[in-house]
Number of protein chains: 2
Amino acid sequence: MRYSKQREAILRVVNASNVHPTAEMVYREVKKEIPNISLGTVYRNLNALADASQIKRISIPKDVDHFDHRHVEHYHFCCTKCHQLYDLPGSTIHQLIHRLEQEESVRITDYEVLFYGICQKCQKGKEENYGIKRK
Amino acid sequence: MRYSKQREAILRVVNASNVHPTAEMVYREVKKEIPNISLGTVYRNLNALADASQIKRISIPKDVDHFDHRHVEHYHFCCTKCHQLYDLPGSTIHQLIHRLEQEESVRITDYEVLFYGICQKCQKGKEENYGIKRK
DNA sequence: TAATTAGTAGTAATCATTACTACTTATTAT
DNA sequence: ATAATAAGTAGTAATGATTACTACTAATTA
């Protein structure tokens, strides 16, 4: 993979973000720096970066793909009320992976743990929707 | 939700399947019984059944949605070689959920645990692709 | 048994994502 | 360095899974 300022900017934006951005969100952000960047370029590079394990693609039912700079191990939490995607800390999964590899004879190379529920803010009745539409 | 023979057949097909069928697969199967059923009807009912927690929608990056009759608690395993989706047994997650609810002040109502790796068959070099195309 | 209204078939539309094409730019071999 | 080469890009068209729409059908109810 050869260098390009577009990919560098895209990776920088994903790394700097704390909201698990969608391709569209990354596009809008990178546009500030490279105004004529193409949405296709953003998609192509997000996929390339995910394939190279530099970032992580998160697939959520009834939602567009999100991307995450997975620097520390964690799980994801999707609030079913405001549809905001949060991080949850955790590393419990490793023992589980080890056991499953032994018992099920599979080789596990990656994982995604996604919880659904009501986030703290929404429990307090202070939810906002963040303009995220559900299909 | 009122009764319809279409929804009944769709639920029956999902329940009888052990391959986490896609909407298209359910459609092809139900068509044997109700030849003029519409693909839109299958989608609508799969969504309705998922919303009613009778089945579960599984979202996988770069793949179409799959559906699962979640009768016993388990995790999912997606082989990165043959792209087949398998079940992995497990119930370890409950302690984790309880701890996260306490520590993070969220209310968790559902979860999805998806592992990636190489399945037993593919480790033995006997993989098939099952005609599943990656975009 | 008629009235109501959810459900359906069939088709058109949507929209996130990918593919394509001509052009540009990073890397390489002379 | 500089030309060759091949990966990357912008812009736009195409794709394809999913949803929306419309006129019709059938399950529930009063």
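Each chain gets a letter, A, B and so on, in the order its sequence line appears, and its residues count up from 1. All of these numbers come straight from a predicted model, not from anything done at the bench.
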[X] [atom1] - [N] [atom2] separation (whole Å):
X: B/L39; N: C/dT11; atom1: CG; atom2: P; result: 13 Å
X: A/I34; N: C/dT25; atom1: CD1; atom2: P; result: 12 Å
X: A/D63; N: C/dC15; atom1: CG; atom2: P; result: 15 Å
X: A/R7; N: C/dT25; atom1: CZ; atom2: P; result: 15 Å
X: B/I60; N: C/dT17; atom1: CD1; atom2: P; result: 16 Å
X: A/R57; N: C/dT17; atom1: CZ; atom2: C1'; result: 11 Å
X: A/I37; N: C/dT24; atom1: CD1; atom2: P; result: 17 Å

Given [options], identify the nucleotide with an atom nearest to the side chain of [X].
X: B/N36; options: C/dA9, C/dA16, D/dA10; result: C/dA9
X: A/S38; options: C/dT17, D/dT18, D/dA10; result: D/dA10
X: B/S4; options: C/dT17, D/dA10, C/dG7; result: C/dG7
X: A/N45; options: D/dT18, C/dG7, D/dT9; result: D/dT9
X: B/Y43; options: D/dA17, C/dT8, D/dA10; result: D/dA17

Would you name the heavy atoms of A/V42 and A/V26 that are closest together and state the gap between them?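 Where A/V42 meets A/V26 most closely, the heavy atoms are CG1-CG1, 3.9 Å.
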Polar atoms only, N or O, under 3.5 Å: list the protein pairs with nucleotides 27-30 of chain C and their distances.
| from | atom 1 | to | atom 2 | distance (Å) |
| --- | --- | --- | --- | --- |
| C/dT27 | OP1 | A/Y3 | N | 3.2 |

Close residues, residues 12-31 of chain B, relative to DNA chain D [heavy-atom separation under 4.0 Å]: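 Listed by number, there are none.
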Matching residue for A/K56 among A/E112, A/H20, A/H66 - test: side chain to side chain contact (heavy atoms under 4.5 Å, CB included):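 Option passing the side chain to side chain contact (heavy atoms under 4.5 Å, CB included) with A/K56: A/E112.
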Say whether, by atom type as modelled, one donor and one acceptor occur between the side chain of A/R7 and the main chain of A/R2 under 3.5 angstrom.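 Side chain of A/R7 to backbone of A/R2, a donor-acceptor pair under 3.5 Å: yes, one is there.
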Below 30° counts as parallel, above 60° as perpendicular, anything between as tilted: where do the rings of A/Y111 and B/F115 land?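 Ring orientation of A/Y111 relative to B/F115: tilted.
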Using a 4.0 Å heavy-atom cut-off, does A/R44 contact any base of the nucleic acid, only the sugar-phosphate backbone, or nothing at all?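 Answer is base: heavy atoms of A/R44 come under 4.0 Å of a base.
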